[in-house]
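These notes are about the structure you will find just below.
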Amino acid sequence: MLPPTRTQVAGFVAGWAMWAAEVIALPVFAISFTNYLGYFVPLAGWQAIAVRGAFLAFLTGVNVAGVKAAGRLNDALTIAKLTPLFLLV
C-alpha cells in the first residue's frame with residue numbers, strides 16, 4: 001500500500017474538520033431560535049429546552065426526508081423572508 005499524499009491527507013483533515021464544525025454549530029441554531037422566540041413568547045427553562053428539541057427534531061426530519069424536501073423548505077423560507085421586503089418597497 002502506498003503512503004497517502006499531501007492532498008489526500010489535506011482532504012481527509014478538511015472533511016473531518018467540516019463535519020466537526022457542523023456538529024458543533026448545529027445547537028447554535030436551536031439556541032438562537034429560542035432566544036428570538038423568547039422575545040415574543042415568554043418561555044420557562046423547560047419550555048425553551050422542549051422548543052430546542054422540537055426544532056432540532058424538525059431539522060433532522062427535513063434532512064432525513066431528503067434533498068427535495070430541504071429545497072422546498074428553503075424556497076418557502078426564502079419567500080417568507082422576502083415577502084415583507086417586497087411589501088415595503
Side-chain angles (χ1 to χ4, degrees):
M1 182 170 180
L2 296 172
T5 63
R6 285 187 207 161
T7 56
Q8 289 174 327
V9 172
F12 179 78
V13 171
W16 276 102
M18 183 176 167
W19 180 83
E22 291 294 328
V23 168
I24 292 169
L26 182 61
V28 172
F29 297 120
I31 293 168
S32 298
F33 177 75
T34 54
N35 286 345
Y36 285 119
L37 183 64
Y39 179 79
F40 299 106
V41 179
L43 298 172
W46 67 272
Q47 292 171 329
I49 292 171
V51 169
R52 289 173 187 162
F55 183 80
L56 291 176
F58 174 73
L59 289 180
T60 301
V62 169
N63 195 16
V64 169
V67 174
K68 195 173 210 177
R72 288 182 183 153
L73 177 64
N74 189 24
D75 292 344
L77 291 175
T78 301
I79 290 169
K81 288 187 289 187
L82 292 178
T83 300
L85 294 174
F86 287 131
L87 292 175
L88 290 173
V89 174

Check your understanding: If you measure from CZ on Phe58 to CG on Asn63, what distance do you get to the nearest 0.5 Å?
Key -> 11.5 Å
Practice item. Rounded to the nearest 0.5 Å, what's the gap from CG on Leu87 to OG1 on Thr83? Could you check? Key: 6.5 Å
Practice item. Identify the two heavy atoms, one from Pro84 and one from Ala80, that lie closest to each other, and give their separation to 0.1 Å. Key: CD-O, 3.1 Å
Check your understanding: Does a side-chain heavy-atom distance below 4.5 Å link Phe33 with Val51?
Key -> yes
**Study point:** Linked, directly or transitively: Ile31 and Phe29 (ILVMFWY side chains, under 4.5 Å)
**Key:** no
Review point. With sequence neighbours left out, which residue pairs that include part of residues 39-49 fulfil the side chain to side chain donor-acceptor pair (under 3.5 Å) condition?
Key: none
Check your understanding: Any chain of hydrophobic side-chain contacts (each under 4.5 Å) joining Val62 to Leu77?
Key -> yes
Check your understanding: Shortest non-hydrogen contact from Thr34 to Arg52?
Key -> OG1-NE, 2.9 Å
**Study point:** Joint cluster assignment, Val23 & Trp16, ILVMFWY side-chain distance < 4.5 Å
**Key:** yes
Practice item. Nearest 0.5 Å please: distance from the CZ atom of Phe55 over to the CG atom of Leu26. Key: 8.0 Å
Review point. Hey, any chance Trp19 and Phe12 share a hydrophobic cluster, counting ILVMFWY side chains that come within less than 4.5 Å of each other, even indirectly?
Key: yes
Review point. Measuring from Lys81:NZ to Thr78:OG1, what's the distance to the nearest 0.5 Å?
Key: 5.0 Å
